[in-house]
Amino acid sequence: MLPAPPFSHGDFVAVLSRCATLAHLKQLHGRSVVTARAASQSTTFQLLRFASLRLSCLPYARRLFDSTPHPNVFLYSAMLSAYAAASPAQAYGHDALALFLRMLRRGRPAPNQFVYPLVLRAACAIGVQLVRSIHSHACKSGFHAYDVIRTSLLDGYSRYGMMLDARKLFDGLTERNVISWTALVSGYARAGKIGDAIVLFDRMPERDVAAWNAMITGCTQNGLFVEAVGICSRMVDEGFQLNGTTVSCVLSACGHLGMLKIGKVVHGYAWRSCVGFGSSVVNGLIDMYGKCGNLKEARWMFDEFSDRSLTTWNSLINCLALHGHSKSAIAVFDEMRDEGIEPDVVTFVGLLNACTHGGFVDEGLTYFKLMCDELRIEPEIEHYGCIVDLLGRAGRFEDAMNVINDMKVQPDEVIWGSLLNACRTHRQLELAEFSVRKLLQLNPNNANYVVMLANLYSEGGSWEEVTKIRKLMKEDIMGKKLPGCSWIEVDRKTHRFYSGDDAHPESEDIYDTLDELAASMEM
DNA sequence: ATAGGGTTAG
């Protein structure tokens, strides 16, 4: 056999950078083996990183790792990074942790300061108890002295809302930088302490794009959408360029507000700047246009975009469901499955909502079955809400109650509310009263429920029942309710509506139109 | 050669 031609390190790096598929990488790997270049762990390191980070091929990365007789600390780190980058993170947390334990058990290679942040990310995906144990391990082994590791710990605690622990770590840092500040700010925001987050953000000595993004997301997580847009504009005023993350966060805020105008401004910004139309930006645009009612534009964006992720599909399905285009939502779902995209929990929220809105009882139940039994996705409260609604509509109250009783989570207002609604259409007085009591336990301030029950009884009621309602009303729940509010932007003007108000100048026409719509819906 | 903060869908 002829000896393999020489294959320098430079050749290797050049070829690696041009690999686009796993097949390319395998060829390069093979050539590295033949030329003995693969004997060097730094070569395996490069191949492993490329397989995991650029090609997202975790199994191949792991095979590279396993084929190395005595992996050094670089290979361990690379493998831990691969697990950290894989999604969903929880799925690989245990694998990552097992690698760390193997290092400790064998005593070599000894973990270094680069290993701890990676292990902490895995620990964080599994549970806060593990964050605690890694923390104490870091203290004992002396690695706690590293600011980067303390920042990882800070982030770990803050993700579980443990802001006192996070704060302690922050205060103990030798040097604070924009990263540790940002970790703290987003921790407070996630924990719902948005006021603290804003104060800290304003006190930050230095901010970068990620810091601004953290503050913007912090606002949207707390429902402060107007503030999120405001911070974004402050960011621009202070001379920062938005990136894809900023754009998607702000578009999400615009969607929640129905601010089509500002959404279009952001769209224009993305067009002019070098942000680019990556999947996060496009997903944000689909969501924003869809939520603002411009489904045509949303659909157009979706059709024009080829690099669709799961979120892209979910955004479109959700928007269609939101606007009552149930059949289209289902069609998009089928199309998605035909393309081999695996749906997730969020997909089914949109899909089941579509079935509920469209009154597709059998389809909804079939999809719910598909989700639970075939795809093994654990349903969340939203899914149960849809199913209870569907069964209720069909008058299948026994089934509905069985679903509620079998739920692994506590039923919420949506669940009992949709059951109550169904009881009303099917004249199930007893179950209706039961639901109302449950609703009042959950939210004693909402007088609507009592009014609904009163209406029910008054339609076919007896004196005995009237007394019941009087009693419920006495439980001092009337008059405390905050009115529901919605708004819409038309020609640069925002029109705001409270439930039942007639303050709008065109109020009469609006109610007439609503009546017409209600009538045509009943047909 | 490797590490810490910011994504969007309900």
Side-chain angles (χ1 to χ4, degrees), chain A residues 9 13 40-46 48-49 53 72-82 84 111-121 124 143 146-156 158-159 169-170 173 176-187 189-190 204 207-218 220-221 242-253 255-256 278-288 290-291 309-319 321-322 343-353 380-383 385-386 414:
Chain A
H9 178 70
V13 172
S40 139
Q41 292 208 2
S42 95
T43 298
T44 315
F45 175 83
Q46 309 272 16
L48 203 164
R49 294 213 107 209
L53 303 181
N72 62 20
V73 72
F74 290 103
L75 282 176
Y76 270 94
S77 305
M79 199 59 231
L80 289 169
S81 300
N112 61 12
Q113 72 272 33
F114 293 93
V115 167
Y116 278 84
L118 294 165
V119 173
L120 273 163
R121 203 185 283 192
C124 194
F143 282 106
Y146 286 92
D147 273 350
V148 173
I149 294 173
R150 282 193 282 208
T151 307
S152 292
L153 286 163
L154 184 173
D155 186 56
S158 89
R159 281 174 197 279
L169 280 154
F170 181 78
L173 289 172
R176 295 164 199 168
N177 59 15
V178 64
I179 295 180
S180 38
W181 275 95
T182 306
L184 193 68
V185 166
S186 35
R190 260 193 306 258
M204 277 176 79
R207 301 184 196 96
D208 62 6
V209 185
W212 286 97
N213 290 346
M215 195 63 255
I216 293 169
T217 343
T220 54
Q221 280 165 346
L242 317 189
N243 65 14
T245 307
T246 330
V247 168
S248 63
C249 292
V250 174
L251 286 173
S252 154
H256 282 282
S279 87
S280 55
V281 170
V282 174
N283 297 344
L285 285 167
I286 292 170
D287 176 60
M288 185 277 294
K291 284 220 183 80
S309 68
L310 177 59
T311 308
T312 319
W313 291 91
N314 286 353
S315 303
L316 185 66
I317 291 173
N318 178 45
C319 287
L322 208 66
D344 73 348
V345 247
V346 182
T347 320
F348 281 99
V349 175
L351 183 67
L352 293 176
N353 264 324
E380 293 173 5
I381 191 109
E382 289 85 355
H383 306 99
C386 295
V414 177

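Residue numbers begin at 1 in each chain, while the letters A, B, ... track the order of the sequences.
Among the heavy atoms of the strands lying under 4.0 Å from A/Ala214 are primed sugar atoms or P, OP1, OP2 only; no base atom is included. A/Asn283 comes within contact range of at least one nucleobase, with a heavy-atom separation under 4.0 Å. Among the protein residues, A/Ser252 comes within range of the sugar-phosphate backbone only, with heavy atoms under 4.0 Å from sugar or phosphate atoms but none that close to a base. Backbone-only contact: A/Thr217 has heavy atoms under 4.0 Å from sugar-phosphate atoms and none from a base. Nucleic acid contact for A/Val209: base, since at least one base atom lies under 4.0 Å from a heavy atom of the residue. Using a 4.0 Å heavy-atom criterion, one finds that A/Val178 contacts the bases of the nucleic acid, with or without backbone contacts as well.
For the residue pair A/Thr220/A/Thr217, the side-chain donor-acceptor check at 3.5 Å is not satisfied.
Judged by atom type and distance alone, A/Asp208 reaches the base of B/dG5 through a side-chain donor-acceptor pair under 3.5 Å. In this model, a side-chain donor or acceptor of A/Asn314 finds a partner on the base of B/dA9 within 3.5 Å. Contact of A/Ser248 with B/dT8 (side chain to base): no donor-acceptor pair of N or O atoms is detected under 3.5 Å. Taking 3.5 Å as the limit, the base of B/dG4 and the side chain of A/Ser152 contain no donor-acceptor pair of atoms between them.
If you take CD1 of A/Ile286 and P of B/dT8, they are 15 Å apart, rounded to a whole angstrom. In this structure, A/Leu322 atom CG and B/dT8 atom C1' are separated by 16 Å, rounded to whole Å. Look at CG on A/Asp155: it is 8 Å from C1' on B/dG4, rounded to the nearest Å. One interatomic measurement links the two molecules: CZ of A/Arg121 to P of B/dA3, which rounds to 9 Å at whole-angstrom precision. Across the protein-nucleic acid pair, A/Tyr76 atom OH and B/dA1 atom C1' stand 17 Å apart, rounded to whole Å. Between the CZ atom of A/Phe143 and the P atom of B/dA3 there is a distance of 16 Å, given to the nearest Å. In this structure, A/Phe114 places its CZ atom 11 Å from C1' of B/dG4, rounding to the nearest Å. In this entry the distance linking CG of A/Leu351 with P of B/dG10 reads 14 Å, nearest Å.
Listed candidates were B/dG4, B/dT2, B/dG6. Nearest to the side chain of A/Ser186 is B/dG6. Side chain of A/Glu382, nearest nucleotide from B/dG10, B/dT7, B/dA3: B/dG10. The side chain of A/Arg49 sits closest to B/dT2 out of B/dG10, B/dT2, B/dT8. Set against B/dG5, B/dG6, B/dA1, the side chain of A/Ala211 has B/dG5 as its closest nucleotide. Considering only side-chain atoms of A/Val349, the nucleotide from B/dG10, B/dT2, B/dG5 that sits closest is B/dG10. Considering only the side chain of A/Cys249, B/dT7 comes nearest among B/dG6, B/dT7, B/dT2. Side-chain proximity of A/His383 to the nucleotides B/dG10, B/dA3, B/dT2 is greatest for B/dG10. Among the nucleotides B/dG10, B/dG6, B/dG4, the one closest to any side-chain atom of A/Asp287 is B/dG10.
Scanning both residues, A/Arg176 and A/Trp181, for their nearest heavy atoms gives CB-NE1, 3.8 Å. The two residues A/Ala211 and A/Thr182 have their closest heavy-atom pair at CB-OG1, 3.6 Å. Nearest heavy-atom pair across A/Phe170 and A/Leu154 is CB-CD1, 3.8 Å. Summarising the geometry of A/Pro111 relative to A/Tyr116, their closest heavy-atom pair is CB-CE1, 4.2 Å, with the distance given to 0.1 Å.
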Take A/Val115 and A/Leu80 through the test side chain to side chain contact (heavy atoms under 4.5 Å, CB included) and record every step on the way to the result.
CA-CA 8 Å; A/Val115 167; A/Leu80 289 169; 3.9 Å; yes
Determine whether A/Asn318 and A/Asp287 satisfy the following criterion, side chain to side chain donor-acceptor pair (under 3.5 Å), listing intermediate values before the conclusion.
CA-CA 8 Å; A/Asn318 178 45; A/Asp287 176 60; 4.7 Å; no
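Stacking between A/Phe74 and B/dA1 is shown: the ring centroid lies under 5.5 Å from the centre of the six-membered base ring, and the planes differ by under 30°.
Dashed line: the shortest gap from a side-chain N or O of A/Arg150 to OP1 or OP2 of B/dA3 is not under 4.0 Å. OP1 or OP2 of B/dT8 has not a single side-chain nitrogen or oxygen of A/Ser315 nearer than 4.0 Å. An OP1 or OP2 oxygen of B/dT8 is reached within less than 4.0 angstrom by no side-chain nitrogen or oxygen of A/Thr245. Side-chain N/O atoms of A/Arg159 include none lying less than 4.0 angstrom from OP1 or OP2 on B/dG4. A sub-4.0 Å separation between OP1 or OP2 of B/dG10 and a side-chain N or O of A/Lys291 is present. Residue A/Arg176 has no polar side-chain atom (N or O) positioned under 4.0 Å from OP1 or OP2 of B/dG5.
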